Amino acid sequence: MKTDGSSTNKVNPPLWLLAELTYACPLQCPYCSNPVEMANYKKELSTEDWIRVMREARKMGAVQLGFSGGEPLTRPDLEELIAEARQLGFYTNLITSGIGMDEKRVKGFKEAGLDHIQVSFQASSADLNNFIAGTDAFEHKLEMARAVKKHGYPMVLCFVLHRQNEPYVREILDLAVSLDADYVELATTQYYGWAFHNKEYLIPTREQLANAEIVTKEFQEKLKGKMKIFYVIPDYFEDRPKKCMDGWGAIFLTITPDGLALPCHAARQLPGLELPSVQDHSIDWIWNDSPDFNKFRGLDWMKEPCRTCPEKEKDLGGCRCQAFMLTGDATNADPVCSKSPHHQELVDTVEGIGKIAGTPELEERPILFRNMKNSRKIIKGESESELVK
Amino acid sequence: MLNDDVNEKLTLEVVPEVASTHRFQWEEVQDCHVIMYPEGMVKLGDSSAEILKLCDGKNDVGTIIKLLNQQYPDAQVDNDVIKFLEVAHENGWVKYK
Ligand code: SF4
Ligand code: SF4
């Protein structure tokens, strides 16, 4: 394995292009990973820009293309982008809440060449789903999931798990079975963007996770060969971090709605990045030569305890964003690691939340819903406690 | 569901076909064939790719073996084809028609 991050070594091409088409979204999930300052970034790339980005990334070797956001359905040129992507030979994934779609559009996407639709749900019941989404979305999601199957797409259902819906994993998986899902992704909330502001409301308890794991195993056994269920225990309950994004600048290329290139969809918040724009640079330069994409590539950027750690090739020091959010320095070891001097702090926070979970002290704190109004308030620096929906 | 026919046995009469939910294609940059599915991809070795090329929904397994044995007279592909198709089916890459 090459250990040098400099561009004189051969860098593998990107495999995944994540096209965040917009920050607009009719939903208001408090765990949304979009930046809280999104109201500042309203200028979206044009259709022509996106087509150029896709062509260049495809030429370099990218194969998987995800259209996400925000809600990608708010882009009226989505059909056109899908058609172009398919014609370029991408495997095209639409990552959506289902709001903004009807059966006609599902059919139209198929004709344009869309390969797969991932529909996200907030919970297994209408009440909780609609509360978390901040809008009455549940019935329409069910309808859209059925339409996706009807039109012959493989269907992934995605549930982002946190303390409010984690107790209902059984109901969630029953729902997935009843909708005939091909894959279910039980995703873990990641604490950046809006989720960071709502972490007291979202962090699950150890008991919830243990229970969810047992239920998931039971379903995985039962549905072997019929439905694939992906479930990963959040790493802050473990003592080694995950190899985040399979490595910085190794596989993933994210482009934000306003055209910035990021090695991971949360990296926009990291200080010290130059955030190259696709309007100024080629994808080739961004991927191979830009300072950002080389910053944490390989192993050379590491400090202790990672630098001399025998496990460094295994997890590459974990998540840079988590390191920054929790220790204030993106070049530190991910504090999930028990070798990190910040590890105990993280354990204390998580255990502390576990102790008061379920009490009004914790559960009745205001939730910061993800919407442009709250984003503008944050930009203006208004105090967070006033930011209820 | 990935496979409605998980329990179906592979016989020489079975007609395998690349699943409509998956895409099998040549990748220039990777210099190999790949099979793609929601949010994932597997790179294929040459012999796996040769087998999948023949999984067109018309050839049965017997025919696929015969064609490959003709193409590569020095190799005895029978077992390799069966083994690969079983794995491919288990992974949902191919359907039995
Ligand atoms: S997480 Fe929720 S609010 Fe954020 S983009 Fe997705 S659907 Fe919209
Ligand atoms: S010290 Fe760094 S490299 Fe070693 S296991 Fe911990 S995070 Fe990974």
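Both backbone and side-chain heavy atoms feed into the values below; hydrogens, waters and symmetry mates do not. Since the structure is predicted, the reported quantities are computational estimates derived from the model, not experimental observations. Residue numbering restarts at 1 for every chain, and letters A, B, ... go by the order of the sequence lines.
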Is it true that, when you exclude B:K66 itself, more than 12 heavy atoms of the residues, nucleotides or ligands shown sit nearer than 6.0 Å to its NZ? no
Note: B:Y37 and A:Q64 closest approach over all heavy atoms is O-NE2, 3.1 Å
Applying a strict 4.5 Å limit to non-hydrogen atoms, the region of A:V156 in contact with chain B is side chain
Under 4.5 Å to a heavy atom of chain B? For A:L15 that would be side chain
Are the side chains of B:P38 and A:Y91 in touch, meaning some heavy atoms are under 4.5 Å apart?
yes
Closest non-hydrogen contact found for A:G61 with B:V29 is CA-CG2, 3.7 Å
* Asked: Should we say atom NZ of A:K222 is surrounded by more than 12 heavy atoms from elsewhere, each under 6.0 Å from it?
  -> yes
Given B:E28, B:M36, B:M41, B:Q30, the one with more heavy-atom pairs under 4.5 angstrom with chain A than any other is B:M36
Listed by number, the residues in residues 79-90 of chain A that come under 4.5 Å of chain B (heavy atom to heavy atom) are A:R86, A:G89, A:F90
| query | Is any NZ, NE, NH1 or NH2 atom of the basic residue among A:R58 and B:E27 found under 4.0 Å from an Asp or Glu carboxylate oxygen of the other? | reply | yes
Honestly, the part of A:M60 sitting under 4.5 Å from a heavy atom of chain B is backbone
Rounded to the nearest 0.5 angstrom, the NZ-CG distance for A:K228 and B:N91 is 5.5 Å
